[in-house]
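Only heavy atoms go into these numbers, but all of them, side chains included; no hydrogens, no water, no symmetry mates. Here is how names work: the chains are called A, B, and so on, in the same order as the sequence lines, proteins then strands, and each is numbered from 1.
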Amino acid sequence: MSALIQQLNPEQRAAVTLPAENALILAGAGSGKTRVLTTRIAWLISTGQVTPAGILAVTFTNKAAKEMMARLSAQLPIPVRGMWIGTFHGLCNRFLRAHWREAGLPQTFQILDIQDQLASIKRLLKALNVDDERHPPKQVQWFINGAKDQGLRPGDVEARDPQSRQLAEIYLAYEAQCTRDGVADFAELLLRSYEILRDNAAIRSHYRQRFRHILVDEFQDTNRLQYQWLKQLAGPEDAQGACVFAVGDDDQSIYAFRGAHAGNMDDYQREFRVRHLIKLERNYRSHGHILDSANTLIANNARRLGKNLRTEAGAGEPVRVFEAPSDYAEAQWLIEEIRQLLREGLVHSEIAVLYRANALSRVIEGALFNAGLPYRVYGGLRFFERAEVKHALAYLRLLDNPQDDTAFLRVVNFPARGIGARTLEQLQDAARLRATPLSEAVDALGGRGAASLQAFLDLVAQMRFQTAAISLPELVRHVLEASGLNAHYREEREGQERLENLEELVNAAAAFVTQEGFGLQATAQQRQALGAAPDSFAATDGIDPATGETLSPLTAFLTHAALEAGDNQAQNGQDAIQMMTVHAAKGLEFDAVFITGLEEGLFPHENALSETDGVEEERRLMYVAITRARKRLYLSLAQTRMLHGQTRYNLRSRFFDELPAESLKWLSAKLPGFGGGFGADQHSSWSYTPKVSVPSFTPATSNAGSPSSTGFSPAGVRGASSSGARPHGLRIGQAVFHNKFGEGVVLSLEGNGEDTRAQVKFNRHGAKWLALNIAKLTPVN
DNA sequence: ACCTGGGTACTTTTT
DNA sequence: GTACCCAGGT
């Protein structure tokens, strides 16, 4: 036990060993927050204050939950799996699977991700004949999710003007549709769980008795509904409710735009009568100048709980600042600095390039590419969000839940099986008339449409027949073949990568079955080991307490796919420079960090300036960005930047005026913002290659995509196009084929022999220029 | 079924 | 500038 807390600093130890009362831990960046959280759990259990079953720990991301589990199982000699540690959504899902009757959901209800939800809304708007000019689907989605995040049902929404009244009506109809489909969107998982706790006294008191300690990570990011949910679970303080251990940092609240309400921290202190407030201000991450910068900057925010980070690491290097005349120049400077860092022995993956908005990554990506530096851009589609994977999942969903119209419509005619739009319209009309799911309305139709539809239903039924007979990965493979998905992508020219992803889905299913231990499902003894009372509701995922039955592997897998969308591309775990938005960088740290595009209108972003507290949130965002850096921090801006197809002339970000001058080292002459002329380069040691235009050409084949401008200057190419014959036989302007990205056109070649790299613009589907090894390119004749 | 052209929007994003 | 969506043509 003492070993647990021995290595903690005094504040951390104080937090970990607090008595069983509500507490708020203000944990600054890099102050050992996760460590405190897990050690608190380990301490509570190992001192016998609570059994593992009496713990509920909630996070926002799967990553954080996993990390917590991993650390905990290193600290405790007990199985951590069955403990209630997870994301808000994951835990609510578990809750609803156990109480599906009370929730009014089918046991095998499916979870809609944002894409599914949008599709569902589009379908609804069509059915309701709503003018989607007046109510764009995206806006409706925003409205519904916003309402749910506040804990509001259609009846609770304030509907004063006709516009919002109609939105409330759409919301109502959307709910009905979801019920009919047997699906729940993300917010619904939370809202419905909350309502059951609120309205069902038996269940409420059960859980209140069960969970003695509730621990919340990233408390500043909770929205109103999540806060209400916590309140229901914890119960009133005077009764024998749970005690709450909330960890957060108001200075790192950067998700107000999606409903996070940092004010929950104040409310929490008041409503839960928090008497223990502990600040973790000792930072173990950053050098002095970096920390000073962060502290000085954030002091400009008015509404703070107040905190000042300190370090014992020494001042370190000053923060290097560069004002470039253009975005290209900024990127070029970045390359030089990165090269220097690499010479000093840093590995690529310890260097991060951060930006406020994804659009800013382009120019930098181009420069890194031309410089031949390996990089990885975060963001974009994740594995389970890919179209082909979603198609396969839609089939699987139909096996589990034939009512799921979203899934039905997604694959009824994919791969194409001659079911046209007219037929589907008729089917939808018939289903609406009878108030049944689409699959049950098929027999109302006649003609060839009906026959094709019936064939589709038979196909699905045939697949469903296999469900009980074969293992999950076998089932997935069977579905891929029987549905014709595999065949479809085998035919398709650019289908190779998609085929690979589908194969990967089979692997994912196999891995899931192994990991979740289906077959060796948690037994009553195992539950006992966790300290769960015998009468307890679900102790483990996959157990239906009412029947004692196990949730099918299929249902569990589909849930997993919805709740955990997977990595943004596993990508060749190669050592690479990390590129991401500041938001995406939260929770990460790097030896060297570049914060780019520090211009008024960009960072702080212009859209934020008009919002209340917008600038403060931007400042917190900057604070998060700064505190990612361990040893080196670089700030840069461009006087001229191409954005939205226009050249913008930006001023220096106001944040420069809020940083401590003594910690900054300006590399370029500090000019009075734009207007001071473009002479900055004369005062600096940096240079960059001016824009080189790609020679125009005609693609070799008709469908090679439009070889228009690529959006960045291939500055580093240095006249590669003019050199003579090349062993690989490729030339500029030639159409090429590469399995992964389909057909494209060579824009430039660099280097010679084995080192040769091609820059290729791919057509619509690839839509990217990429660093590609020549060996992987096949010329198209 | 597939392609093309026009129109449009476009900050951040996890579950 | 460009990416994505949808409508309409082949």
Could you run down the sub-3.5 Å N/O contacts of the protein with nucleotides 7-10 of chain C?
none

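A:Thr647 pairs by the side chain to side chain contact (heavy atoms under 4.5 Å, CB included) definition with A:Thr640, A:Met642, A:Tyr649, not counting sequence neighbours. For A:Arg258, the salt bridge (Lys or Arg N to Asp or Glu O under 4.0 Å) test picks out no residue, with sequence neighbours left out. A:Arg619 pairs by the salt bridge (Lys or Arg N to Asp or Glu O under 4.0 Å) definition with A:Glu658, not counting sequence neighbours.
Paired runs in DNA chain C that reach 3 or more consecutive Watson-Crick or G-U pairs, where each pair keeps both distances under 3.5 Å, cover B:1-10 with C:1-10.
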Tell me which donor-acceptor pairs under 3.5 Å the side chains of residues 417-425 of chain A have, and how far apart each pair is, sequence neighbours excluded?
unit_1, atom_1, unit_2, atom_2, d
A:Arg417, NH1, A:Tyr395, OH, 3.2
A:Arg417, NH1, A:Val411, O, 2.9
A:Arg417, NH1, A:Val412, O, 2.9
A:Arg417, NH2, A:Tyr395, OH, 2.9
A:Arg417, NH2, A:Ser483, O, 3.2

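For A:Glu330 and A:Arg641, the salt-bridge test passes: some basic side-chain N is under 4.0 Å from an acidic carboxylate O.
Centre separation under 5.5 Å together with a plane angle under 30° holds for the ring of A:Phe257 and the six-membered base ring of B:dT12, marking them as stacked. Both thresholds, 5.5 Å between centres and 30° between ring planes, are not jointly met by A:His89 relative to the base of B:dT15, so the two rings are not stacked.
When heavy atoms are screened at a 4.0 angstrom cut-off, A:Asn62 is found touching the sugar-phosphate backbone but no base atom. Note on A:Lys122: only backbone sugar-phosphate atoms sit closer than 4.0 angstrom, heavy atoms only; bases stay farther off. In this structure, A:Phe60 reaches the sugar-phosphate backbone alone: every heavy-atom distance under 4.0 Å involves primed, P, OP1 or OP2 atoms, never a base. Using a 4.0 Å heavy-atom criterion, one finds that A:Glu188 contacts no nucleic acid atom at all.
Here B:dT11 is the nucleotide among C:dG1, B:dT15, B:dT11 with the atom lying nearest to any side-chain atom of A:Ala608.
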